[in-house]
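Working notes, structure below.
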Amino acid sequence: MTDETGTQLTKAQHIAAELKQAIERGDYGPGDRLPGENALAAQYDVASLTARRALRILRTEGLIETKKGAGARVISFHPIRRRGIQRLARGQWGSGKTVWLADDHRAPDVDKITVLEDVAPPQHVSEVLELAADETVCVRSRRYIMEGRPVMVAKSYLPHSLVAGSPITQADTGPGGIYARLADLGHAPARFREEIRVRMPSAEEAAQLAIPTDRTVIKLARTAFDAEGRAVEINEMTMDSAAYVLDYEFDA
C-alpha cells in the first residue's frame with residue numbers, strides 16, 4: 001500500500017488515509033461518528049489494534065476526537081486563520097481593537113491569567129530585552145479558549161521598570177491590550193519580529209492545551225521593538241497545531 005507519492009504505508013496509515021479522504025469528501029461531516037475499531041477491523045481485515053492505531057493517527061492530526069464509550073467523531077472546530085501581518089498593524093491595536101479581530105469573526109475567551117511583577121527573567125529573555133544583571137520583568141501568562149477548546153497558551157515578558165504601576169500589570173489591560181498601553185507609556189511598538197518553529201509538546205503543554213502528547217505544537221516567539229529599537233516585549237506562544245492556519249499576506 002502506497003500513497004500518491006509512492007511512499008509505502010503501514011496498514012494503519014492506509015486506513016487513516018482512506019478515512020481522511022472520506023472526511024475531506026464530506027462523507028463524514030462535523031460531529032459525525034466514524035466506524036468503530038471492530039467495524040474497521042472487519043472492513044479492512046486487520047486486527048483491532050491496527051484499526052485503533054489508524055484512529056489514533058486521525059486524532060493526532062486533529063481530525064477526530066475520541067471519548068470513552070462514545071467512539072470517534074469528526075471534529076467540528078474550524079481552524080483559526082491567524083493573519084500575522086494584519087493583526088499587528090498599528091491601526092488594529094492603536095484604535096483599541098483586539099488583535100484577534102484581524103483573524104476571523106470569533107474571539108477567544110481567556111480562562112486563566114496571571115500577572116507577576118518583579119520576576120527574575122530567564123537568561124534568553126534578559127538577553128533579548130537587554131536587561132542589566134539585577135533587572136526584573138513583569139510576566140503575563142494566559143490561556144486562550146475558542147469554542148470551548150484550548151487553542152493557545154502565551155507568556156509575555158516586559159521590563160518591570162518600564163511597566164510598573166501601569167495597566168499592563170493588571171489582568172485587564174484595557175482597549176488595544178498591551179501594545180496600546182505601551183504606546184501610552186511612550187514606547188509604542190514600531191517593529192515586530194516573529195520566530196516560528198514546530199516541536200512536540202512537553203507534558204505540561206499537552207495538558208494545558210488538552211491535546212495528545214504526540215501532536216505537535218507551534219512555538220511562536222514575538223519580540224516588539226519601539227521606535228528607538230528597544231525590545232519592549234517578548235511574547236512566547238504555544239499553539240495547538242491542529243487549531244491554526246498561519247496566514248502571512250503582504251505586498252511584494
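Residue numbers run from 1 in the order of the sequence given. What you see is a predicted model; the values in this text were computed from it and never measured.
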How many angstroms lie between [atom1] in [X] and [atom2] in [Y], if you round to the nearest 0.5 Å?
X: Asp104; Y: Met146; atom1: CG; atom2: CE; answer: 5.5 Å
X: Arg33; Y: Ile64; atom1: CZ; atom2: CD1; answer: 11.5 Å
X: Leu209; Y: Glu204; atom1: CG; atom2: CD; answer: 10.5 Å
X: Leu162; Y: His160; atom1: CG; atom2: NE2; answer: 10.5 Å

Practice task
Show your working on side chain to side chain donor-acceptor pair (under 3.5 Å) between His124 and Glu236 and close with a plain yes or no.
Solution key: CA-CA 12 Å; His124 71 283; Glu236 297 183 343; 2.6 Å; yes
* To do: Starting from the C-alpha separation in whole Å, work towards a yes-or-no answer on side-chain contact (heavy atoms from CB on, under 4.5 Å) for Ile75 and Leu63.
  => CA-CA 6 Å; Ile75 285 179; Leu63 295 174; over 6 Å; no
If the threshold is 4.0 Å, N to carboxylate O, is there a salt bridge linking [X] and [Y]?
X: Asp111; Y: Arg143; answer: yes
X: Arg52; Y: Glu37; answer: yes
X: Asp240; Y: Arg215; answer: yes
X: Arg106; Y: Glu147; answer: yes
X: Arg59; Y: Glu61; answer: no
X: Asp103; Y: Arg87; answer: yes

inquiry  = Please give me the minimum heavy-atom distance between Pro201 and Thr216, naming the atom from each residue.
reply    =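 Here Pro201 and Thr216 meet closest at CD-CA, 4.4 Å.
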- Task: List the steps and the verdict of side-chain contact (heavy atoms from CB on, under 4.5 Å) for Arg193 and Val128.
- Result: CA-CA 12 Å; Arg193 180 180 68 223; Val128 173; 4.3 Å; yes
Quick one: do Leu129 and Leu158 end up in the same hydrophobic cluster if we chain Ile, Leu, Val, Met, Phe, Trp and Tyr together by side-chain heavy atoms under 4.5 Å apart?
no
- request: Could you verify whether a donor N or O on one side chain and an acceptor N or O on the other, from Thr238 and Lys219, lie under 3.5 Å apart?
  value: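 Indeed, the side chains of Thr238 and Lys219 share at least one donor-acceptor pair under 3.5 Å.
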Do the side-chain N and O atoms of Arg142 and Ser156 include a donor-acceptor pair separated by under 3.5 angstrom? yes
For a side chain to side chain contact (heavy atoms under 4.5 Å, CB included) with Val232, tell me which candidate from Leu182, Leu185, Val163, Ile178 qualifies.
->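 Only one option passes, and that is Leu182.
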Lys NZ or Arg CZ of Arg82 over Tyr244 ring: under 6.0 Å, within 45°
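No, Arg82 and Tyr244 do not form such a contact.
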Residue set satisfying ring pair (Phe, Tyr, Trp, His ring centres under 6.0 Å) with Phe192, at least two apart, ordered chain then number -> Tyr179
(request) Verify side-chain contact (heavy atoms from CB on, under 4.5 Å) between Ile113 and Arg140, making sure each step is shown before the conclusion. (result) CA-CA 7 Å; Ile113 182 167; Arg140 297 179 55 86; 3.6 Å; yes
* Give the intermediate values and the outcome of side chain to side chain donor-acceptor pair (under 3.5 Å) for residues Gln86 and Tyr248. => CA-CA 8 Å; Gln86 294 89 332; Tyr248 291 89; over 6 Å; no
ask   = Parallel, tilted or perpendicular for Trp100 and Tyr144, by the 30°/60° rule?
value =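 The rings of Trp100 and Tyr144 sit tilted, inter-plane angle from 30° to 60°.
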Next on the checklist: For Glu130, I'd like to know if atom CD has over 12 heavy atoms of other residues, nucleotides or ligands within 6.0 Å.
Outcome noted: no
Contacts of Thr136 meeting side-chain hydrogen bond (donor to acceptor under 3.5 Å, both in side chains) (sequence neighbours excluded), chain-then-number -> Asp118
